[in-house]
Amino acid sequence: MYLEELHQLLTAVQTGLADGRAHAERARSLLEESRRAIVEPQAQAVPWVPSQLAQADEGIENLMTRLSAADDLVSGYQSRL
């Protein structure tokens with residue numbers, strides 16, 4: 001029985017080693033995913049811009065259009081004088 005017990009124990013050790021390797025591979029995979037999650041956004045950084053900035057830009061564009069139209073009207077009036 002001693003040999004059979006030894007064989008069972010060695011099989012259990014091999015199973016444990018296989019489980020350990022599987023866990024280590026999963027840990028390696030998770031570590032690589034974590035690394036990508038940290039590095040990729042920095043490499044592809046898209047700065048956050050508040051929505052008010054876009055609204056302000058649109059407002060300024062509208063104002064510039066109105067000022068240009070007013071300038072055209074004043075220039076046209078001046079040329080008729």
Side-chain angles (χ1 to χ4, degrees):
M1 266 245 215
Y2 179 74
L3 275 170
E4 188 174 317
E5 285 180 31
L6 185 57
H7 181 66
Q8 289 174 352
L9 291 173
L10 290 174
T11 300
V13 169
Q14 286 177 324
T15 301
L17 291 172
D19 288 346
R21 279 193 300 274
H23 288 295
E25 285 299 321
R26 179 68 178 142
R28 179 186 290 162
S29 175
L30 290 172
L31 182 60
E32 185 58 35
E33 286 178 32
S34 298
R35 185 174 287 119
R36 279 195 307 273
I38 292 168
V39 171
E40 287 177 6
Q42 293 175 20
Q44 303 171 7
V46 177
W48 173 79
V49 179
S51 61
Q52 293 87 349
L53 187 61
Q55 293 169 347
D57 189 44
E58 183 178 326
I60 290 172
E61 186 62 35
N62 289 337
L63 178 61
M64 294 297 287
T65 300
R66 291 172 57 197
L67 289 172
S68 180
D71 186 57
D72 290 343
L73 288 172
V74 171
S75 294
Y77 183 76
Q78 266 185 328
S79 67
R80 283 183 255 153
L81 289 176

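The CZ atom of R36 sits 10.0 Å away from atom CG of L31, with the distance rounded to the nearest 0.5 Å. Between the CZ atom of R21 and the CZ atom of R28 there is a distance of 12.5 Å, given to the nearest 0.5 Å. Between the OG1 atom in T65 and the CD1 atom in I60 there is a gap of 12.0 Å [rounded to 0.5 Å]. Atom CG of L67 sits about 11.0 Å away from atom CG of N62, to the nearest 0.5 Å.
The shortest distance between side-chain heavy atoms of L9 and V13 does not fall below 4.5 Å. The shortest distance between side-chain heavy atoms of E4 and Q8 falls below 4.5 Å.
Considering only residues two or more places apart in sequence or on other chains, E58 meets the side-chain hydrogen bond (donor to acceptor under 3.5 Å, both in side chains) condition with none of them.
When hydrophobic residues (I, L, V, M, F, W, Y) are linked wherever their side-chain heavy atoms come within less than 4.5 Å, V74 remains an isolated member.
Here the side chain of T15 pairs a donor or acceptor atom with the backbone of T11 at under 3.5 angstrom.
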